[in-house]
Amino acid sequence: MGDFALFYDALSRNTVKITLTKEDMSDYSLKSDSLRIRNAETKRALTRFLKRFRSESAIFPDKDIDRLFLEAFPSEDGGCVMYVSTLGMEPLPPPDTDRGESAVRTVMCVSGQLDAVLRLCAGLVGKASSSALYRLEKCYCLVAAVSSDETGPAARLIREYGEYSDDATDIAYAVEHGKVLCGTDAVSVMSKLI
């Protein structure tokens with residue numbers, strides 16, 4: 001145990017695939033059947049595993065555990081395959097800063113209309129410390145970092161133009177699978193297009 005090199009593959013700069021056997025699952029107190037159920041206990045078990053994985057492997061050592069996205073898929077032999085990803089190309093700051101600034105939250109707007117996203121960007125100018133725009137299937141996903149004080153107003157504004165999410169899983173999926181349309185300061189750049 002502890003030799004993660006035997007069962008992980010770096011798929012990209014941001015994603016690692018971990019393959020666990022039935023024995024590995026037992027060693028890490030994970031149950032294949034419980035991975036099929038998305039509940040608080042499963043989330044706690046996966047978080048414990050992820051912390052231990054990071055301490056024993058040196059994968060994503062500089063990433064906060066809350067900034068990692070984990071998907072687990074049980075296999076028929078009692079093991080599982082996990083994908084661990086960072087939140088993309090790092091266009092967004094970490095949730096908290098060390099410089100005494102207020103906490104930062106990452107939020108997302110999903111809209112099928114580019115003009116709605118452009119109008120939203122105009123409304124978020126000065127409120128988002130960083131942002132990126134992605135195209136995912138037929139939708140546009142604007143991911144933005146806002147201070148805790150601006151989260152409520154930003155959420156209300158986002159709901160006027162599309163679907164609001166602050167769920168790390170949703171955001172990580174958009175960042176990982178979406179096509180980058182504007183990876184740096186999207187709010188400012190896109191607001192100039194209207």
Side-chain angles (χ1 to χ4, degrees), residues 10-16 38 40 43 46-47 50 54 59-72 83-194:
L11 300 179
S12 72
R13 172 174 79 87
N14 300 329
T15 305
V16 172
R38 304 285 180 179
K43 185 175 180 180
L46 290 173
T47 301
L50 194 53
R54 283 187 13 151
I59 298 297
F60 304 130
D62 56 337
K63 305 293 181 207
D64 187 292
I65 204 79
D66 294 331
R67 302 288 292 171
L68 296 177
F69 173 64
L70 185 142
E71 291 181 288
Y83 296 92
V84 181
S85 302
T86 64
L87 286 181
M89 299 178 300
E90 297 303 309
L92 303 172
D96 296 307
T97 62
D98 294 327
R99 296 183 299 274
E101 298 171 7
S102 61
V104 173
R105 300 264 327 255
T106 302
V107 297
M108 178 172 68
C109 176
V110 178
S111 175
Q113 304 296 319
L114 182 58
D115 62 326
V117 173
L118 298 179
R119 290 193 309 273
L120 170 62
C121 288
L124 288 176
V125 169
K127 295 181 173 92
S129 58
S130 61
S131 55
L133 180 63
Y134 302 88
R135 175 80 177 183
L136 184 64
E137 297 169 4
K138 296 181 181 181
C139 293
Y140 297 94
C141 302
L142 177 70
V143 179
V146 295
S147 70
S148 293
D149 324 358
E150 293 290 344
T151 302
R156 285 189 291 279
L157 189 61
I158 287 170
R159 287 185 179 104
E160 289 180 32
Y161 296 102
E163 185 180 326
Y164 170 83
S165 178
D166 60 2
D167 182 80
T169 303
D170 292 343
I171 294 169
Y173 185 86
V175 170
E176 187 68 27
H177 299 285
K179 177 182 178 185
V180 179
L181 299 179
C182 183
T184 306
D185 201 15
V187 164
S188 177
V189 171
M190 302 308 284
S191 68
K192 294 174 183 170
L193 299 178
I194 52 173

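The first residue in the sequence is number 1, and the count goes up from there.
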Drop me the distance from M108's CE to Y164's OH, to the nearest 0.5 angstrom. 10.5 Å
Work out which heavy atom in V146 is nearest to a heavy atom in A154; give both atom names and the distance. CG1-CB, 4.3 Å
Do any side-chain atoms of residues 185-194 form donor-acceptor pairs under 3.5 angstrom with protein atoms, and if so which ones, sequence neighbours left out?
residue, atom, partner, partner atom, Å
S191, OG, V187, O, 3.1
S191, OG, S188, O, 2.8

When you measure from the side chain of R135 to the backbone of E137, do you find a donor-acceptor pair of N or O atoms at a distance under 3.5 Å? yes
Closest non-hydrogen contact found for S111 with Y161 is OG-O, 3.4 Å
Distance col, row E176:CD vs I171:CD1, nearest 0.5 angstrom, shows 14.0 Å
Contact summary for C141 and V110, nearest pair of heavy atoms: SG-CG2, 4.0 Å
With sequence neighbours excluded, tell me which residues meet salt bridge (charged side-chain N to carboxylate O under 4.0 Å, His left out) with D170. none
The criterion is salt bridge (charged side-chain N to carboxylate O under 4.0 Å, His left out); which residues satisfy it with D166, sequence neighbours excluded? R105
Report the C-alpha distance between C121 and L142 in whole Å, list the side-chain angles of each, state the deciding distance to 0.1 Å, and finish with yes or no for side chain to side chain contact (heavy atoms under 4.5 Å, CB included). CA-CA 9 Å; C121 288; L142 177 70; 3.8 Å; yes
To the nearest 0.5 Å, what is the distance between CG on L120 and CD on Q113? 13.5 Å
